[in-house]
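Step one of this worksheet: look at the structure below.
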Amino acid sequence: MYPKRLALLALSTALALPGLAIAAPGGNGNGNAFGRKPVTTTTSTSSTTSTTRTTTTTTTTTSTSSSTTSSTTSSTTSSTTSTSTTSSTTTIPTCLDGSGPLITLTGTWATSYDNRALLDLTRLDARQATFLPSPTDLYPLNLAGGSGTCVSGGVELGQYDRSLTWDQMHTMNNAGVRFENAGVTVENVRIDDVADGIRPVAGPFVIRGTWLSYVRDDCVENDHVQPGLIDDSLFDGCYVGISERPSLAIITSGYDGRNDLLTVRQSLIRLQPMPGPRGGLPTDFGNGQFFKWSDLATHLELDDNVFLAEQVGEGGASTMGIPSSLVGCSNNVMVWLGQGPYPAPLPACFTVTTDRSVWDAAVATWKLRHGVVP
């Protein structure tokens with residue numbers, strides 16, 4: 001039903017190209033996926049970028065030995081229990097494990113890394129790079145070219161005045177990561193203080209293990225309505241969670257997501273009231289909605305996510321619901337901190353709570369799992 005979803009799986013077994021290492025300009029690397037020392041365990045003596053998760057399984061065995069006394073009237077049976085512990089290690093793959101060309105970015109970047117001629121299956125290793133989005137650096141990572149690109153790691157620290165209004169940020173039209181090539185994976189990237197967090201122009205795409213905060217418009221602007229997967233990500237401060245509302249120019253170009261699927265799973269999305277919301281005064285604080293949708297948007301699947309909202313979005317109560325293109329849904333939690341009941345109907349796959357600690361615990365667990373130092 002969703003042919004581009006199958007194409008996403010096929011990319012991992014696509015072209016195998018010879019390795020190519022390119023060192024980018026810049027000073028000493030002082031960044032990585034989340035601006036801290038990563039927790040990494042290697043499972044072999046060969047060089048690897050795999051991250052491992054160790055689980056411990058306890059197995060209990062009982063051995064029984066019987067002894068009989070010389071007395072004819074009684075017998076004694078004794079039993080002993082021994083416990084053995086075994087550990088197994090599960091490898092979590094990273095897109096850097098591929099065999100395509102390798103580009104390594106290090107140091108601090110105050111100008112854009114703009115590469116529109118990437119080869120198929122290029123691996124972009126930015127784990128030791130820090131980017132500084134600003135009014136003179138609107139797209140710190142701006143990519144196009146061959147399919148199957150891997151973007152792994154990197155810290156983006158926006159240099160925008162945090163008091164700018166929604167309109168001022170939106171007019172500058174900036175995004176932390178933008179790509180025009182199909183089959184891109186963006187993983188373990190930390191982005192703070194930009195207008196849009198990640199902007200796919202082509203698909204299918206994968207966004208996983210990303211941490212976004214103070215995103216002044218859309219955490220993911222998927223206005224080209226591409227199929228994709230958002231997995232295991234923390235969006236801790238979005239004006240809008242995910243946008244699939246094409247502009248007239250995009251619609252005229254023929255983009256139509258109605259036969260495609262976007263899946264969001266095991267992720268955390270918080271709407272954050274921000275200064276000068278759309279249609280409001282500069283002194284107001286407001287936010288948008290979780291899903292900014294359209295009739296041309298993709299189908300949607302939501303599984304094992306936690307959402308948080310403090311107040312009704314600027315578009316009104318009706319915008320706070322879940323799009324009608326929902327085709328799959330399970331085990332989601334909505335944390336509502338506003339007045340009264342949650343302002344819009346939610347499907348049965350949602351549980352509503354007013355307990356802020358549910359969100360805080362989920363964030364703490366996510367950060368622990370990703371090795372973020374408090």
Side-chain angles (χ1 to χ4, degrees), residues 29-43 48-56 87-98 104-106 123-131 133 140-141 150-158 176-177 184-194 197-198 205-215 219-220 228-238 241-242 263-270 272 302-308 331-333 335 356-374:
N30 61 0
N32 51 58
F34 300 114
R36 43 70 185 160
K37 184 177 180 181
V39 178
T40 304
T41 304
T42 56
T43 58
T48 178
T49 54
S50 296
T51 303
T52 63
R53 182 178 298 151
T54 301
T55 58
T56 300
S87 296
S88 61
T89 300
T90 302
T91 300
I92 302 173
T94 166
C95 58
L96 289 175
D97 288 336
T104 302
L105 305 180
T106 62
R123 295 168 295 155
L124 190 63
D125 184 350
R127 291 175 297 172
Q128 296 301 317
T130 298
F131 304 89
L141 289 171
C150 163
V151 180
S152 187
V155 175
E156 295 194 9
L157 304 176
V177 180
V184 171
T185 295
V186 178
E187 66 176 20
N188 303 329
V189 178
R190 173 75 173 101
I191 300 174
D192 178 74
D193 189 20
V194 293
I198 300 173
F205 62 85
V206 174
I207 298 170
R208 67 186 177 207
T210 58
W211 177 9
L212 278 57
S213 58
Y214 209 65
V215 176
C219 271
V220 176
L229 169 66
I230 300 172
D231 182 33
D232 187 26
S233 292
L234 171 59
F235 297 169
D236 196 5
C238 312
I242 302 168
T263 298
V264 184
R265 70 186 185 196
Q266 298 178 348
S267 295
L268 314 176
I269 303 178
R270 177 174 71 94
Q272 180 177 355
L302 302 174
D303 300 301
D304 304 305
N305 304 294
V306 181
F307 300 83
L308 183 147
N331 195 35
N332 299 286
V333 176
V335 180
R356 171 69 189 242
S357 68
V358 172
W359 170 266
D360 293 338
V363 171
T365 299
W366 188 94
K367 290 182 176 180
L368 180 64
R369 186 169 67 251
H370 289 268
V372 178
V373 177

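These figures come from a predicted structure and were not determined experimentally. In what follows, every heavy atom counts, from backbone to side chain, and hydrogens, waters and symmetry copies are set aside.
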Practice item. Quick one: list whatever passes side-chain contact (heavy atoms from CB on, under 4.5 Å) with Asp304, sequence neighbours left out. Key: Gln266, Asn331
Practice item. Check whether any side-chain heavy atom of Thr210 lies under 4.5 Å from a side-chain heavy atom of Phe235, and answer yes or no. Key: yes
Review point. Any side-chain heavy-atom pair from Leu124 and Leu105 closer than 4.5 angstrom?
Key: yes
Check your understanding: Hey, are the side chains of Val363 and Leu268 touching, using non-hydrogen atoms and a 4.5 Å cut-off?
Key -> yes
Check your understanding: Does a side chain donor of either Asp232 or His370 reach within less than 3.5 Å of an acceptor in the other side chain?
Key -> yes
Revision key, fill the gap. Shortest non-hydrogen pair, Pro140 vs Gly176, comes out as CD-O, 3.6 Å
Review point. With no hydrogens and no angle check, is any side-chain donor or acceptor of Ser233 less than 3.5 Å from a backbone partner on Asp231?
Key: yes
Revision key, fill the gap. Note: Leu96 and Cys150 closest approach over all heavy atoms is N-SG, 3.5 Å
Point to revise | Worked check of side chain to side chain contact (heavy atoms under 4.5 Å, CB included) between Val335 and Arg270 | key: CA-CA 9 Å; Val335 180; Arg270 177 174 71 94; over 6 Å; no
Exercise for review: Evaluate the side chain to side chain contact (heavy atoms under 4.5 Å, CB included) criterion for residues Val177 and Glu156: first the C-alpha distance (whole Å), next the side-chain angles of each, then the deciding distance (0.1 Å), finally the verdict.
Suggested key: CA-CA 9 Å; Val177 180; Glu156 295 194 9; 3.8 Å; yes
Exercise for review: Report yes or no: do Asp236 and Ser213 form a side-chain donor-acceptor pair below 3.5 Å?
Suggested key: no
**Study point:** Short side-chain to backbone donor-acceptor contact, Asn305 and Asp303, under 3.5 Å
**Key:** yes
Review point. Can you check side chain to side chain contact (heavy atoms under 4.5 Å, CB included) on Arg265 and Leu229, steps first, answer last?
Key: CA-CA 8 Å; Arg265 70 186 185 196; Leu229 169 66; 3.8 Å; yes
Review point. Roughly how far, to the nearest 0.5 Å, is the CZ atom of Arg123 from the CG atom of Asp97?
Key: 8.5 Å
Practice item. Only counting residues at least two apart or in another chain, list the ones meeting side-chain hydrogen bond (donor to acceptor under 3.5 Å, both in side chains) with Ser152. Key: Glu187
Practice item. Any chance you could measure Ile198, atom CD1, to Phe205, atom CZ, to the nearest 0.5 Å? Key: 8.5 Å
Check your understanding: Who are the side-chain hydrogen bond (donor to acceptor under 3.5 Å, both in side chains) partners of Ser267, not counting sequence neighbours?
Key -> none
Exercise for review: Please say which of Val155, Val372, Thr130 ends up in a side-chain contact (heavy atoms from CB on, under 4.5 Å) with Arg190.
Suggested key: Val155
Review point. Once you round to the nearest 0.5 Å, how far does CD1 of Ile242 lie from CG of Leu302?
Key: 7.5 Å
Review point. Would you say Gln128 and Thr104 make side-chain contact, with heavy atoms under 4.5 Å?
Key: no
Check your understanding: Taking it one step at a time, do Asn332 and Phe307 satisfy side chain to side chain contact (heavy atoms under 4.5 Å, CB included)?
Key -> CA-CA 8 Å; Asn332 299 286; Phe307 300 83; 4.2 Å; yes
Check your understanding: Who pairs with Asp193 by side-chain hydrogen bond (donor to acceptor under 3.5 Å, both in side chains), at least two apart in sequence or on another chain?
Key -> none
